[in-house]
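Small disclaimer: the values here were computed from a predicted structure and weren't measured. Start at 1 with the first residue, then count along the sequence.
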Amino acid sequence: NKFREGLTKTRDNFTAKVNDLVARYRTVDEDFFEELEEILFQADVGFDTVMKLVEELKMEVKRQNIQDSKDIRSVISQKLVEIYQGDDELDASLSIQEEGLTVVLFVGVNGVGKTTTIGKLAHQLKEDGKKVMLAAGDTFRAGAIEQLEVWGDRVGVDVIKQGEGSDPAAVMFDAVQSAKARKADVLICDTAGRLQNKVNLMKELEKVKRVIEREVPGAPHEVLIALDATTGQNAMTQAKTFKEVTDVSGIVLTKLDGTAKGGIVLAIKQELGIPVKYVGLGEQMDDLQPFDAEKYVYGLFS
Ligand code: GDP
């Protein structure tokens, strides 16, 4: 279980504390729940999720007449999965077209792991038998194009690029034409991640999207935002800003292996109403996992 491996830090923090709590309390009472709340907050599970979880746990304890604190562990994991999944049916899988070109647009600020994620996703789709191409749409940050090319070489997919400072929309136009001509299945597009000027960012993304929409009906099929799990509340703020400037269809939460506060996965979907589609669990090519709430919670508690 990749989740189990990647969640070592969170498990050492969160699960160990829950286990300790269960060991210290023989019966489930108010104090137990108060301490549990604190543990959940510290793991970045998020206010709303914690409140909902504790409320539902209390009801479940009553309903099942749970006395022994040991019996509550499985109820916690079951409720965490239920709360994450909710009843809104947000689709966690990537929407890949059965026929024709699928365009996936990546947004996110610099340093969060966007390029690495694009590389990993390209690898994964290629392994699934898809013909993948990359578009070097971050023409702003020095070295961004080269970095994407390094990943392109590593994975063995073509990268469509122009020079640094060129118009990202022009790069996208080229990339879409090439992808169509070469009968690619998926085109993954990088974009510049500067948040300093929201108006410019919005204009740039709009222009890029317009070109893609015009050239490929129904595209972009996904707009994924890369967020760094180790930055907690910052990640949440970034997501809110991008949500204001463009339609975001999914979240890729990177560096989940690098944080003890993996509860952020649960908070982020609750707060933003956007599904987590993938999580990054390391720096290597195959360290990207499609998100699955059950496997995630199981990885935490097993
Ligand atoms: P970008 O500026 O958003 O394109 O970020 P990069 O892709 O260059 O990644 C920044 C750093 O984060 C690099 O050192 C990556 O190896 C590292 N990184 C990216 N994803 C993960 C992940 O899931 N886990 C860990 N541990 N490191 C990651």
Side-chain angles (χ1 to χ4, degrees), residues 90-92 94-96 102-122 125 132-141 143-145 147-148 151 159-161 166-173 175-176 186-213 215-216 218-231 233-255 264-265 268-269 271-280 288 291:
L90 287 177
D91 194 0
L94 205 65
S95 69
I96 300 286
T102 297
V103 182
V104 179
L105 194 63
F106 261 90
V107 300
V109 305
N110 296 332
V112 296
K114 192 163 39 132
T115 317
T116 308
T117 303
I118 291 172
K120 289 172 178 174
L121 183 61
L125 292 169
V132 183
M133 285 171 65
L134 306 181
D138 183 355
T139 58
F140 185 76
R141 180 169 67 93
I145 300 168
Q147 204 194 336
L148 196 69
W151 270 104
V159 180
I160 305 301
K161 56 158 190 176
S166 59
D167 182 354
V171 177
M172 292 308 163
F173 182 82
V176 170
V186 187
L187 176 67
I188 309 178
C189 309
D190 193 10
T191 59
R194 48 195 161 131
L195 261 192
Q196 292 79 358
N197 188 330
K198 222 165 91 175
V199 177
N200 280 349
L201 178 78
M202 192 180 320
K203 278 190 187 148
E204 182 166 322
L205 287 177
E206 262 173 16
K207 203 171 156 197
V208 160
K209 267 181 85 178
R210 234 182 359 256
V211 169
I212 295 172
E213 277 161 11
E215 299 305 314
V216 185
H221 303 90
E222 293 277 1
V223 179
L224 301 181
I225 183 167
L227 298 171
D228 180 340
T230 65
T231 63
Q233 202 51 46
N234 250 341
M236 209 72 88
T237 310
Q238 287 165 16
K240 284 180 182 155
T241 308
F242 273 96
K243 221 182 132 178
E244 279 163 28
V245 301
T246 191
D247 294 323
V248 180
S249 62
I251 295 163
V252 180
L253 202 56
T254 66
K255 310 186 200 181
I264 189 166
V265 177
I268 219 159
K269 187 195 155 206
E271 269 201 40
L272 300 168
I274 305 171
V276 176
K277 299 221 169 183
Y278 288 94
V279 293
L288 186 74
F291 185 70

Euclidean distance, [Y] [atom2] relative to [X] [atom1], rounded to 0.5 Å:
X	Y	atom1	atom2	answer
Lys203	Lys198	NZ	NZ	14.0 Å
Ile188	Trp151	CD1	CH2	11.5 Å
Ile264	Lys269	CD1	NZ	15.0 Å
Ile212	Leu187	CD1	CG	7.0 Å
Asn200	Phe140	CG	CZ	9.0 Å
Lys277	Leu288	NZ	CG	13.0 Å

Please find the pair of heavy atoms, one from [X] and one from [Y], that lie closest to each other, and give the distance.
X	Y	result
Thr139	Ser166	OG1-O, 2.7 Å
Ala135	Ala175	CB-CB, 3.5 Å
His221	Thr102	ND1-CA, 3.4 Å
Gly108	Ile225	CA-CG1, 4.4 Å
Val171	Ala136	CG1-O, 3.6 Å
Cys189	Val103	SG-CG1, 3.8 Å

* Asked: Is there a side-chain contact (heavy atoms from CB on, under 4.5 Å) between Thr115 and Phe106 once you walk through the steps?
  -> CA-CA 9 Å; Thr115 317; Phe106 261 90; over 6 Å; no
* Asked: Could you go step by step and tell me if Thr254 and Thr116 meet the side-chain contact (heavy atoms from CB on, under 4.5 Å) rule?
  -> CA-CA 9 Å; Thr254 66; Thr116 308; over 6 Å; no
* Asked: Quick one: ring-ring contact (aromatic ring centres under 6.0 Å, His included) partners of Phe291, sequence neighbours excluded?
  ->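 For Phe291 the ring-ring contact (aromatic ring centres under 6.0 Å, His included) partners, ignoring immediate neighbours, are Tyr84, Tyr296.
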* To do: Spell out, as yes or no, whether a donor-acceptor pair under 3.5 Å connects the side chain of Glu222 to the backbone of Ser95.
  =>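 At least one qualifying donor-acceptor pair exists.
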* Measure from the side-chain N and O atoms of Thr191 to the backbone N and O of Gly137, and report whether any donor-acceptor pair falls under 3.5 Å. =>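 Checked: no pair found.
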Side chains of [X] and [Y]: does their closest heavy-atom pair fall under 4.5 Å?
X	Y	answer
Arg141	Asp190	no
Leu224	Ser249	yes
Tyr278	Leu121	yes
Gln147	Asp138	no
Met236	Ile268	yes
Val176	Val211	no
Thr246	Lys209	yes
Ile96	Leu125	yes

* Starting from the C-alpha separation in whole Å, work towards a yes-or-no answer on side-chain contact (heavy atoms from CB on, under 4.5 Å) for Val223 and Phe242. => CA-CA 10 Å; Val223 179; Phe242 273 96; over 6 Å; no
* Counting only heavy atoms not in Asn234, do more than 12 sit closer than 6.0 Å to its CG atom? ->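 Atom CG in Asn234 is crowded, with more than 12 foreign heavy atoms closer than 6.0 Å.
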* In chain order, what residues pass the salt bridge (Lys or Arg N to Asp or Glu O under 4.0 Å) check against Lys120, with sequence neighbours excluded? ->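 For Lys120, no residue satisfies salt bridge (Lys or Arg N to Asp or Glu O under 4.0 Å) once neighbours in sequence are set aside.
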* To do: List for me each residue that meets salt bridge (Lys or Arg N to Asp or Glu O under 4.0 Å) alongside Lys243, sequence neighbours excluded, and say none if there are none.
  =>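 Lys243 satisfies salt bridge (Lys or Arg N to Asp or Glu O under 4.0 Å) with no other residue.
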* Asked: Among Asp228, Thr231, Thr230, which residue meets the side-chain hydrogen bond (donor to acceptor under 3.5 Å, both in side chains) test with Lys255?
  ->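 By the side-chain hydrogen bond (donor to acceptor under 3.5 Å, both in side chains) criterion, Lys255 pairs with just one of Asp228, Thr231, Thr230: Asp228.
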* After noting the C-alpha distance and the side-chain angles of Lys240 and Glu271, does the key distance pass the side-chain contact (heavy atoms from CB on, under 4.5 Å) rule? -> CA-CA 9 Å; Lys240 284 180 182 155; Glu271 269 201 40; 3.2 Å; yes
* Criterion side chain to side chain contact (heavy atoms under 4.5 Å, CB included) against Ile251, the qualifying member of Leu227, Val279, Val265 ->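 Exactly one pass, corresponding to Leu227.
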